[in-house]
There are 2 protein chains.
Amino acid sequence: MAPARTSAKRQHVVDTAYALFKRDGFHATGIDRIIAEADIAKMTMYRNFPSKDELIVAVLDHRARRFERQLDRLATAAATPGQKIATILDWHERWFRSADFHGCLFAHALAEFGDPAHPVFKAVARQKNGLRSRMQAILEQTMPPERAEGAAAALLMLIEGATLLAQMGEADAAIGNARKAAAAIIAGAWGRQ
Amino acid sequence: MAPARTSAKRQHVVDTAYALFKRDGFHATGIDRIIAEADIAKMTMYRNFPSKDELIVAVLDHRARRFERQLDRLATAAATPGQKIATILDWHERWFRSADFHGCLFAHALAEFGDPAHPVFKAVARQKNGLRSRMQAILEQTMPPERAEGAAAALLMLIEGATLLAQMGEADAAIGNARKAAAAIIAGAWGRQ
DNA sequence: CCGTGATGAGACAGGTCTGTCTCTTTTCTA
DNA sequence: TAGAAAAGAGACAGACCTGTCTCATCACGG
């Protein structure tokens with residue numbers, strides 16, 4: 001049988017690598033650590049992923065899909081656009097307070113792979129633009145597209161900054177003030193376009 | 001003579017390491033690369049800095065001091081609190097558009113050194129809290145302290161997010177929308193405390 | 001039941017990492 | 001100008017890095 005694009009072993013490697021990358025970073029986590037933790041042979045890893053870089057991209061893409069699925073599910077329960085944005089902040093609040101929160105893996109990837117041509121950089125851009133597009137689509141239900149575009153960018157910046165503050169140990173203040181600032185951004189007091 | 005705490009050689013190492021850390025990251029930049037680029041002997045480096053970690057902290061602290069000095073200078077030219085906040089955004093706009101902008105070195109350090117007990121982590125927290133305190137002090141001239149605290153946190157999050165977006169190649173949109181959102185946050189539409 | 005593909009186990013190459021050590025040379029100052 | 005401090009040069013240790021290779025073993029489907 002041709003190697004399935006998503007086998008159980010492959011997924012196990014992704015999950016293990018995710019936990020290690022999240023805790024220790026990308027360059028600081030060696031292949032040997034990953035295969036030891038996953039309890040697999042080195043060749044099993046290299047047969048599924050041609051290189052460490054491609055494993056990193058696979059981990060990021062997997063987390064991005066999971067994130068999108070979770071937001072999709074939360075959004076269905078929300079009625080108004082304002083509530084939909086609130087569910088996104090709810091998601092982040094729970095995340096900030098989760099036991100092994102270590103900041104945003106995508107932001108960390110950007111820090112370690114700053115070359116815009118690098119596949120890891122592109123994977124990060126995909127995820128961030130996905131979240132911005134999602135919020136922009138929500139906001140366009142209550143405001144003109146040009147304003148929605150700017151507000152979505154502002155909300156994305158706010159969320160990214162809140163994640164950084166949360167990693168610095170101020171999860172409560174970060175999410176509380178982010179909620180208030182988000183309300184200010186959406187509700188108006190927005191200068192002429 | 002006892003080794004000066006700030007010799008010319010030492011500063012040269014800090015400057016060279018800064019350029020390399022900024023471009024390639026901390027773990028990805030080896031000591032050998034630093035001493036080759038700085039054109040110094042390895043022992044000169046290790047006589048000034050007991051370890052790579054302490055060099056990183058020295059680089060971060062040096063940049064933080066430089067940042068504070070530049071903001072101090074800009075603030076003197078600004079009359080009102082609103083203008084003082086604007087000069088901080090001006091500084092970031094110029095930074096985003098500078099030739100070798102690679103994102104925030106402090107955010108990158110946080111990504112690679114996520115342990116709150118690590119000296120590098122603490123150096124990052126110092127810098128971010130310094131910027132927040134600066135903005136809070138400015139805002140307290142126009143609003144009650146509790147509101148100034150929340151608004152300063154919101155502005156800090158906005159700036160951090162704008163820096164991340166700028167690194168993703170959207171410097172113009174980031175700074176423009178950050179300015180508008182900052183105005184919305186300061187001007188009001190701020191929920192009951 | 002047999003063969004084919006996935007996996008395990010581990011040696012191996014070639015390089016890089018941080019940090020230490022020694023010895024020589026330069027530089028500065030008293 | 002003599003002596004001390006600083007710096008250069010580079011070998012060295014011991015560990016770790018990514019990625020390749022070989023060979024034995026296992027599972028499973030025709």
Side-chain angles (χ1 to χ4, degrees), chain A residues 1-21 23-60 108-109 111-113 115 118-120 123, chain B residues 1-60 108-109 111-113 115 118-121 123:
Chain A
M1 192 175 64
R5 210 156 41 84
T6 304
S7 68
K9 283 280 177 194
R10 181 189 162 98
Q11 189 56 45
H12 178 57
V13 175
V14 167
D15 291 340
T16 306
Y18 164 67
L20 293 174
F21 288 153
R23 181 163 23 107
D24 298 332
F26 297 95
H27 284 101
T29 301
I31 295 288
D32 289 343
R33 273 280 297 290
I34 295 171
I35 66 168
E37 199 86 8
D39 200 37
I40 55 160
K42 189 177 256 191
M43 278 314 291
T44 302
M45 140 89 202
Y46 273 103
R47 263 187 291 261
N48 280 282
F49 306 96
S51 69
K52 186 185 180 184
D53 282 1
E54 301 210 27
L55 169 61
I56 294 173
V57 171
V59 168
L60 292 176
H108 295 179
E112 296 201 46
F113 300 87
D115 176 8
H118 197 285
V120 169
Chain B
M1 189 176 65
R5 210 158 40 81
T6 302
S7 68
K9 283 280 177 195
R10 181 190 162 97
Q11 189 55 46
H12 178 57
V13 175
V14 167
D15 291 339
T16 306
Y18 164 67
L20 293 173
F21 288 154
K22 180 170 68 162
R23 178 158 30 102
D24 299 333
F26 298 95
H27 284 101
T29 301
I31 296 288
D32 289 342
R33 272 279 298 289
I34 296 171
I35 65 167
E37 200 85 10
D39 200 36
I40 56 159
K42 188 176 256 189
M43 278 316 290
T44 303
M45 140 89 203
Y46 274 104
R47 263 188 291 259
N48 279 282
F49 306 96
S51 68
K52 185 184 179 182
D53 283 1
E54 301 210 27
L55 169 61
I56 293 172
V57 170
V59 168
L60 292 176
H108 295 178
E112 295 200 48
F113 300 88
D115 177 8
H118 197 286
V120 170
F121 186 104

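Everything numeric here is computed off the predicted structure, so don't read it as measured data. Numbered from 1 within each chain, the chains take letters A, B, ... in sequence-line order.
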Check your understanding: Closest heavy-atom contact between B/Ile35 and B/Ala41?
Key -> CG2-O, 4.4 Å
Review point. Which pairs pass salt bridge (charged side-chain N to carboxylate O under 4.0 Å, His left out) with one or both residues in residues 17-46 of chain B, sequence neighbours excluded?
Key: B/Lys22-B/Asp100, B/Asp24-B/Arg33, B/Asp32-B/Lys42
Check your understanding: What pairs meet the salt bridge (charged side-chain N to carboxylate O under 4.0 Å, His left out) rule with one or both residues in residues 46-57 of chain A, with sequence neighbours excluded?
Key -> none
Practice item. To the nearest 0.5 angstrom, please state how far the CG atom of B/Leu60 sits from the NE2 atom of B/His108. Key: 11.5 Å
Review point. Quick one: B/Met43 CE to D/dA5 P, roughly how many Å, whole number?
Key: 16 Å
Check your understanding: Expressed in angstrom and rounded to an integer, what is the separation of A/Asn48 atom CG from C/dG5 atom C1'?
Key -> 13 Å
Point to revise | Options C/dC21, C/dT18, D/dG19, nucleotide nearest the side-chain atoms of B/Tyr46 | key: C/dT18
Review point. Considering only heavy atoms from C-beta outward, does the side chain of A/Phe21 approach that of A/Ile34 to under 4.5 Å?
Key: yes
Exercise for review: Under the side-chain contact (heavy atoms from CB on, under 4.5 Å) rule, what do B/Val120 and B/Phe26 come out as? Steps first, then yes or no, please.
Suggested key: CA-CA 11 Å; B/Val120 170; B/Phe26 298 95; over 6 Å; no
Within the sub-3.5 Å range, which N or O atoms of nucleotides 25-30 of chain D have a protein N or O partner, and how far apart are they?
none

Practice item. May I ask you to list the residues of residues 18-33 of chain B, by number, that have any heavy atom positioned under 4.0 Å from an atom of DNA chain D? Key: none
Exercise for review: From the options D/dT18, D/dA7, C/dT7, select the nucleotide whose nearest atom is closest to the side chain of B/Arg47.
Suggested key: D/dA7
Point to revise | Selection: residues 34-42 of chain A, any non-hydrogen atom under 4.0 Å of DNA chain D | key: A/Lys42
Review point. Atom CE of A/Met45 and atom C1' of C/dT7: how far apart are they, to the nearest Å?
Key: 15 Å
Result block: side-chain N/O donor-acceptor pairs under 3.5 angstrom for residues 12-20 of chain A, not counting sequence neighbours:
| residue | atom | partner | partner atom | Å |
| --- | --- | --- | --- | --- |
| A/His12 | NE2 | A/Ala38 | O | 2.9 |
| A/Asp15 | OD1 | A/Gln11 | NE2 | 3.0 |
| A/Thr16 | OG1 | A/His12 | O | 2.8 |
| A/Tyr18 | OH | A/Arg63 | NH2 | 3.2 |

Practice item. With rounding to the nearest 0.5 Å, note down the distance linking CG in A/Leu55 to OG1 in A/Thr29. Key: 10.0 Å
Check your understanding: Do the side chains of A/Phe49 and A/Val57 get nearer than 4.5 Å, heavy atoms only?
Key -> no
Exercise for review: Looking only at side-chain atoms of A/Thr44, point me to the closest of C/dT22, C/dG8, D/dT18.
Suggested key: C/dG8
Point to revise | Shortest non-hydrogen contact from B/Arg10 toward B/Ala58 | key: NH2-CB, 4.1 Å
Review point. Between C/dG19 atom P and B/Leu55 atom CG, what is the distance in whole Å?
Key: 10 Å
Study note, to complete from the structure: Correct closest heavy-atom pair for A/Ser51 and A/Met45 would be O-CE, 4.3 Å
